[in-house]
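Each residue takes its place number in the sequence, starting with 1.
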Amino acid sequence: MRRILTLVAVLALVALFAMPAQAQEKSVRIGVQAGMTSSSLSGDDVPDDASSKTGFFAGGYFNYMFAKNWGVSVEGNWLAGVGAKDSEGEIKLSYLEFPLGLNFVFPLGESEKTWLGLQSGITAMINLSCKEGPTENVNIDCKDETESVAWAVPFGASLGFKMSDAAVVWLGARYQLGLNDVFSDDTAAKLNIWEFLVGVGFPTG
């Protein structure tokens, strides 16, 4: 996993510093976002009948456009109700999620009031809680054996609309591909999450 994290970090830094410094259209935005999640556990120790679980999240973000079509973003989100369920019960996890993203944005149409964005990067998720119910499932004791940090790689796309000189509203979808097992007892179970977002952003400065 360390090799994957190193590779992602190197690619992000190379893309960041390879962008031309000329003709930059710098801008900074902060915003809030919320949405729903569809998550699942995958691995050799996850039962065949395990299925996805629906949850929700809310948070905020900071986005810096260092060139006309390129930007970096940092987010802070609260995820609740992620995990998996099977015929015997469910596992519910909650996290504080911190995605660091490299974003490519390009306008749609001459007016440039609508744009399409693509994102990837690295995500750290700090575990807040893990609950099982109504019976123990997935053969996991999540109360004492949950990793404090889970890592993932995000792959996302968004559609934005410029509502005024200030506000931007956007819709997005993102897949968080789990990199490490989320339990510390040698249980093979990675957490993968679909996130469906709606947000609003405002310029600063």
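Considering only residues two or more places apart in sequence or on other chains, A157 meets the side-chain contact (heavy atoms from CB on, under 4.5 Å) condition with L118. In this view, S94 and S129 satisfy the side-chain hydrogen bond (donor to acceptor under 3.5 Å, both in side chains) rule, not counting sequence neighbours. By the side-chain contact (heavy atoms from CB on, under 4.5 Å) test, L171 is found to be paired with V198, residues two or more places apart in sequence or in another chain being considered. Residues satisfying the side-chain contact (heavy atoms from CB on, under 4.5 Å) criterion with V169, sequence neighbours excluded, are M163, V200. Residues that satisfy the side-chain hydrogen bond (donor to acceptor under 3.5 Å, both in side chains) test with T123, not counting sequence neighbours, are Q176. With sequence neighbours left out, W170 forms a side-chain hydrogen bond (donor to acceptor under 3.5 Å, both in side chains) with Y61. Every side-chain hydrogen bond (donor to acceptor under 3.5 Å, both in side chains) that Q33 has, sequence neighbours left out, goes to E75, N77. Taking S42 as the reference, K190, N192 meet the side-chain contact (heavy atoms from CB on, under 4.5 Å) condition, with sequence neighbours excluded.
The list of ring-ring contact (aromatic ring centres under 6.0 Å, His included) pairs with a residue in residues 109-131, not counting sequence neighbours, is empty. Residue pairs satisfying the salt bridge (charged side-chain N to carboxylate O under 4.0 Å, His left out) criterion with at least one member in residues 98-109, sequence neighbours excluded, are absent. Sorted by first and then second residue, the pairs that involve residues 51-62 and meet salt bridge (charged side-chain N to carboxylate O under 4.0 Å, His left out), not counting sequence neighbours, are K53-E90. Sorted by first and then second residue, the side chain to side chain donor-acceptor pair (under 3.5 Å) pairs involving residues 193-203 (not counting sequence neighbours) are R174-E195.
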